[in-house]
There are 2 protein chains.
Amino acid sequence: MLRLTKKADYGLMALKYLAEQTGGSAHSAKDIAEAYHIPPQLLAKILQTLAKGGLLVSHAGTNGGYALAKPANEITAFEVIRTIDGPLFITSCITIHGACDLTSTCTIKEPLRKVNDSIKDLLSGIYIADLVEPGDAERSKHAVGGGLVSIAL
Amino acid sequence: MLRLTKKADYGLMALKYLAEQTGGSAHSAKDIAEAYHIPPQLLAKILQTLAKGGLLVSHAGTNGGYALAKPANEITAFEVIRTIDGPLFITSCITIHGACDLTSTCTIKEPLRKVNDSIKDLLSGIYIADLVEPGDAERSKHAVGGGLVSIAL
DNA sequence: CATTCTCCGACTCATACGGTCTTCTACAGT
DNA sequence: ACTGTAGAAGACCGTATGAGTCGGAGAATG
């Protein structure tokens, strides 16, 4: 159920890595890939996608690499996942157009959309900085609704 | 992101349909499929899975079909999804064994597991009966934490 | 007993994710 | 300016899995 793609996993790992490295110097895709033992070329492609999405800035050439485009506490897990996996939704009924091909017959669309939104809020409340310091209190100021996400059908 | 399979969709729709039909008489897979315009044979297979999982009872032969094995307010969306899609998790890191192949290097596993649990709680608070009567107050007595699901990294 | 209806398991097909390879472009240091 | 390094971008392939199909087994009714 509710599978997140490996690409998004890798992307989050890479961002966390970059967030940990203090000092704005760039880190190459190869370095990050080796640190986590993931395929370098695949990670490179993911980082490219993130750069194109505006979450990373790339710097070509010797001693080049990638760096965060924004502070780690301003990048949400939701942004990362959406950038990599695209604007997919919990159910095939919910499309970018907001209507499914069975709009008239599909009667569970609305409740599921609520669930979808709740999960979206959940992920929007998680920042890269939170991944770096899991026990830190800093995050709470960003957490959505103080860490609570409501669900009402 | 976070895609739910079409099968789970269909399964939820079918359960909702059965929950709406008052009177414990059985309804054939064909009837439900026609009501929602979904491939009959595919729905049949989904219903088989649900029956095998103990959520439905099947009755073969003329005038046979399926019926809910439990009251609609005792079947959660989480049960349905897990029965159909299997015990999958939000990320490939989180397996049934609890460990990923990169246990040592993958540092974002723990936060994501929390997210995974939150989503699980979210879905566990939704009952088939809630889908039938979206505006009903009845559901609130079942809702997890009064409709709130906490997320703390 | 036989026919019809329904469930049931095995099977095929398509999509897209995961991963790789190759080529081109841009920057840094000498 | 030259060269080596590193990113950018595209095509490409294998495989896993989701979506959908087909023939058979079993049960109830007449």
Side-chain angles (χ1 to χ4, degrees), chain A residues 1-11 13-14 18 25-34 36-67 69 81 84-86 88 90-93 101-102, chain B residues 1-11 13-14 18 25-34 36-53 55-67 69 81 83-93 95 100-102:
Chain A
M1 53 166 283
L2 293 173
R3 212 177 81 258
L4 202 62
T5 66
K6 234 174 210 174
K7 288 186 196 175
D9 268 6
Y10 292 158
M13 281 192 251
L18 290 174
S25 66
H27 297 265
S28 73
K30 187 160 149 278
D31 290 345
I32 305 175
E34 282 173 356
Y36 292 111
H37 304 106
I38 55 186
Q41 315 237 32
L42 178 57
L43 181 67
K45 217 163 63 166
I46 296 168
L47 294 177
Q48 287 170 28
T49 306
L50 289 173
K52 203 154 51 178
L55 296 177
L56 291 178
V57 286
S58 64
H59 197 54
T62 312
N63 291 325
Y66 293 92
I81 295 168
I84 295 177
D85 284 348
L88 302 182
I90 185 178
T91 167
S92 41
C93 277
D101 47 344
L102 303 173
Chain B
M1 55 165 281
L2 293 172
R3 211 178 81 256
L4 202 63
T5 66
K6 234 174 211 175
K7 288 187 195 172
D9 267 6
Y10 292 159
M13 282 192 250
L18 290 173
S25 67
H27 297 264
S28 73
K30 188 161 148 277
D31 289 346
I32 305 175
E34 283 173 356
Y36 291 110
H37 304 106
I38 55 185
Q41 317 239 32
L42 178 58
L43 180 68
K45 207 168 72 168
I46 295 168
L47 294 177
Q48 288 167 31
T49 306
L50 288 173
K52 201 153 55 177
L55 296 178
L56 291 178
V57 287
S58 64
H59 197 55
T62 311
N63 290 328
Y66 293 93
I81 294 168
T83 302
I84 295 176
D85 284 347
L88 301 182
F89 296 94
I90 186 178
T91 167
S92 43
C93 278
T95 70
C100 78
D101 48 344
L102 303 173

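Quick note on labels: first sequence line is chain A, next is B, and so on, each numbered from 1. As the structure is a prediction and not an experimental result, all values here were calculated from the model.
Between A:Ile38 atom CD1 and C:dG19 atom C1' there is a gap of 12 Å when expressed in whole angstrom units. One interatomic measurement links the two molecules: CG of A:Leu4 to C1' of C:dC17, which rounds to 13 Å at whole-angstrom precision. For A:Leu42 and C:dC21, the CG to C1' distance is 13 Å, given to the nearest whole Å. Rounded to whole angstrom, the span from the CG atom of B:Asp9 across to the C1' atom of D:dG20 amounts to 16 Å. Protein atom NZ of A:Lys6 is 19 Å distant from nucleotide atom P of C:dA16, rounded to whole Å. One interatomic measurement links the two molecules: CD1 of A:Ile32 to P of D:dA6, which rounds to 13 Å at whole-angstrom precision.
When all heavy atoms are compared, the tightest approach of B:Tyr66 to B:Ala29 is CE1-CB, 4.2 Å.
Summary of helix geometry: the two end axes of the helix from C:dC1-D:dG30 to C:dT30-D:dA1, each defined by five base pairs via their C1' atoms, are inclined to each other by 10° (rounded to 10°).
We find the CD1-CG distance between B:Ile46 and B:Leu56 to be 11.0 Å, quoted to the nearest 0.5 Å. Here the straight-line distance linking atom OG1 of A:Thr62 with atom NE2 of A:His59 works out to 9.5 Å at 0.5 Å rounding. Taking NZ of A:Lys7 as the start and NZ of A:Lys45 as the end, the distance is 5.5 Å to the nearest 0.5 Å. From B:Ile84, atom CD1 reaches atom CG of B:Leu50 across 4.5 Å, with rounding to the nearest 0.5 Å.
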- Task: For each nucleotide in nucleotides 4-15 of chain C, reading 5' to 3', give B when a protein heavy atom comes within less than 4.0 Å of its base, S when such contact involves only the sugar-phosphate, and - otherwise.
- Result: --SSBBBB----

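In this structure, the side-chain contact (heavy atoms from CB on, under 4.5 Å) partners of B:Thr49, at least two apart in sequence or on a different chain, are B:Thr83. Scanning for side-chain contact (heavy atoms from CB on, under 4.5 Å) contacts around A:Leu43 gives A:Tyr10, A:Ala14, A:Ile32, A:Ala33, A:Ile38, A:Leu47, with sequence neighbours left out. Partners of B:Ser28 according to the side chain to side chain donor-acceptor pair (under 3.5 Å) rule, which considers only residues two or more places apart in sequence or in another chain, are B:Asp31.
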